[in-house]
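Input: a single structure, listed below in structure tokens.
Only heavy atoms go into these numbers, but all of them, side chains included; no hydrogens, no water, no symmetry mates.
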Amino acid sequence: MRTENQVAPSTALPRDVALSVHRLDLGTRAADGSATDIVSDVSFTVRRGECLGLVGESGSGKSLTLRAVLGLLPNGVVATSGRIHVAGDTGTTDATAQTVRHGRVGMVFQEPMTALNPSMRIGTFLEKTIRMHQPLGRSEARRQAEALLGDLGVPDPKQKLQAWPHELSGGLRQRIVIAAALASEPDVLLCDEPTTALDVTVQDQILGLLDEIRVERDVGMVFVTHDLGVVAQVAQRVAVMYAGRFMETGPIGAVFQRPEHPYTDGLLGAMPDVAHDVEQLTTIPGSLPPVGSPPPGCRFAPRCRYADTACEAIDGALIDLPGGRATACIAPERIHEDRH
């Protein structure tokens, strides 16, 4: 294992790749040198113009993975191994994280009111954000801020620049946060449950806006959510995460139609479907294991109705399948037999 916050050298990414994460491990480091793993062996690639949905229960490690990409891990959490490569920059070291934060990666947070400065007008906030990334004067930064809000469908952008955050609706505040994330013209946009605090109508508008941004600006996007219905609207590929590990990955249509892991199958069964009359939704018994104390073998085994002794002996690594898919389950055919 490499020492904390260190990464292996890497060659340049292909032109169509915006983000590559390879075998990322995150954990805590005690004073005696012992380590506790939180996220283990996470790997994924996001191409330009593509959205990867990252789904799973709260506490699965989704947001922590985004923070690692951004270079903003919480105090006490470190990258103990792995490589993060963002459109030309590689690493999780402090120096690289500064480059990532100030240029190539934008972040859209869950709650816009906490992402904005309540003591700063919207115009001042956006001006400062733009000038962090570009050597511009205040007047030119103000013009850019106004143009950016106009591009994002904010009505009367000049007037909105004079507003305080509390004077705007949740939907408008989230558009401001998106504008700040785009200020550096990033290659990658990270979205951490950006519609959770919004009502359904506004949520749909924000999802549509993010989809337009992905296509028109040709950015790679990682969208974290626990809502499978939301991820189905915005993502082309999905990674299902549980207890710090990927359980399944693949094209979203294929994964939703034929899950190859019992956890994915359970999540889909718990999702309401207005197109079908379902008397009772599926529930997944039990709960996530304590952070840093996963069970041996497959981490989902204690909650899995198909688990046997063989599941306790596996290492949990993804197994490649046809069609660009992968699963951590050693016997996915049991799900298919049940479905038929």
Side-chain angles (χ1 to χ4, degrees), residues 23 39-46 50-62 65 222-290 293-340:
R23 306 202 70 175
V39 169
S40 301
D41 199 25
V42 164
S43 298
F44 60 89
T45 297
V46 181
E50 177 187 54
C51 178
L52 172 71
L54 191 53
V55 304
E57 294 169 272
S58 297
S60 294
K62 307 182 303 296
T65 300
V222 183
F223 195 104
V224 162
T225 182
H226 61 272
D227 189 329
L228 298 184
V230 166
V231 80
Q233 288 183 249
V234 297
Q236 290 72 55
R237 290 189 301 115
V238 63
V240 181
M241 196 169 192
Y242 179 81
R245 292 201 76 134
F246 281 176
M247 299 290 106
E248 181 171 358
T249 64
I252 194 159
V255 171
F256 277 32
Q257 290 172 15
R258 185 182 170 90
E260 299 283 357
H261 195 282
Y263 182 55
T264 310
D265 188 48
L267 292 178
L268 290 169
M271 183 174 67
D273 186 354
V274 296
H276 299 89
D277 185 15
V278 180
E279 292 185 3
Q280 186 173 359
L281 296 176
T282 301
T283 59
I284 302 175
S287 58
L288 285 161
S293 300
C298 175
R299 297 187 177 188
F300 185 63
R303 303 175 69 186
C304 180
R305 59 177 172 161
Y306 304 109
D308 56 29
T309 55
C311 299
E312 299 176 2
I314 65 174
D315 62 5
L318 289 174
I319 303 165
D320 289 335
L321 300 173
R325 302 187 60 179
T327 180
C329 184
I330 57 174
E333 65 274 3
R334 290 176 291 194
I335 308 169
H336 310 150
E337 291 169 359
D338 248 12
R339 286 191 155 215
H340 295 292

Task: Non-hydrogen atoms of Val231 and Leu228 that approach each other most closely - done: CG1-O, 3.2 Å
Task: Gly229 to Met271 - nearest heavy-atom pair and separation - done: N-SD, 3.5 Å
- [ ] Over all heavy atoms of both residues, which pair between Leu267 and Gly56 is shortest? Give the atoms and the distance, please.
- [x] CD1-CA, 4.5 Å
Task: Minimum heavy-atom distance Pro332-Cys329, with the two atoms named - done: CD-O, 3.6 Å
Open item on the list: With side chain to side chain contact (heavy atoms under 4.5 Å, CB included) as the criterion, how do Val222 and Phe44 come out once you've worked through the C-alpha distance, each side chain's angles and the decisive distance to 0.1 Å?
Closed with: CA-CA 10 Å; Val222 183; Phe44 60 89; 4.2 Å; yes
Task: Straight-line distance of Leu288 CG to Glu57 CD, nearest 0.5 Å - done: 4.5 Å
Task: Thr249 and its side-chain contact (heavy atoms from CB on, under 4.5 Å) partner, picked from Leu318, Val255, Thr264 - done: Leu318
Task: Spacing of Ser60 atom OG and Met247 atom CE [to the nearest 0.5 Å] - done: 9.0 Å
- [ ] For residues Leu268 and Pro259, report the shortest heavy-atom separation together with the two atoms involved.
- [x] CD1-CG, 4.0 Å
Task: Rounded distance [0.5 Å steps], OG1 in Thr225 versus CD in Gln233 - done: 10.0 Å
Task: Which residues share a salt bridge (charged side-chain N to carboxylate O under 4.0 Å, His left out) with Glu312, sequence neighbours left out - done: none
TODO: Would you mind reporting whether Arg299 and Tyr263 have side-chain heavy atoms less than 4.5 Å apart?
DONE: no
TODO: Would you list the pairs meeting side-chain hydrogen bond (donor to acceptor under 3.5 Å, both in side chains) in which at least one residue belongs to residues 316-333, sequence neighbours left out?
DONE: Glu248-Arg325
- [ ] Identify the heavy atoms of Ile335 and His261 that sit nearest to each other, and give their distance.
- [x] CD1-C, 3.2 Å
For a quick test of your reading: what N or O donor-acceptor pairs under 3.5 Å do the side chains of residues 235-246 make, sequence neighbours left out?
unit_1, atom_1, unit_2, atom_2, d
Gln236, OE1, Cys51, N, 2.7
Gln236, NE2, Val234, O, 3.4
Arg237, NE, Glu50, OE2, 2.8
Arg237, NH2, Thr45, O, 2.2
Arg237, NH2, Glu50, OE1, 3.2
Tyr242, OH, Arg303, NH1, 3.4
Arg245, NH1, Asp315, O, 3.1
Arg245, NH2, Asp41, OD2, 3.3

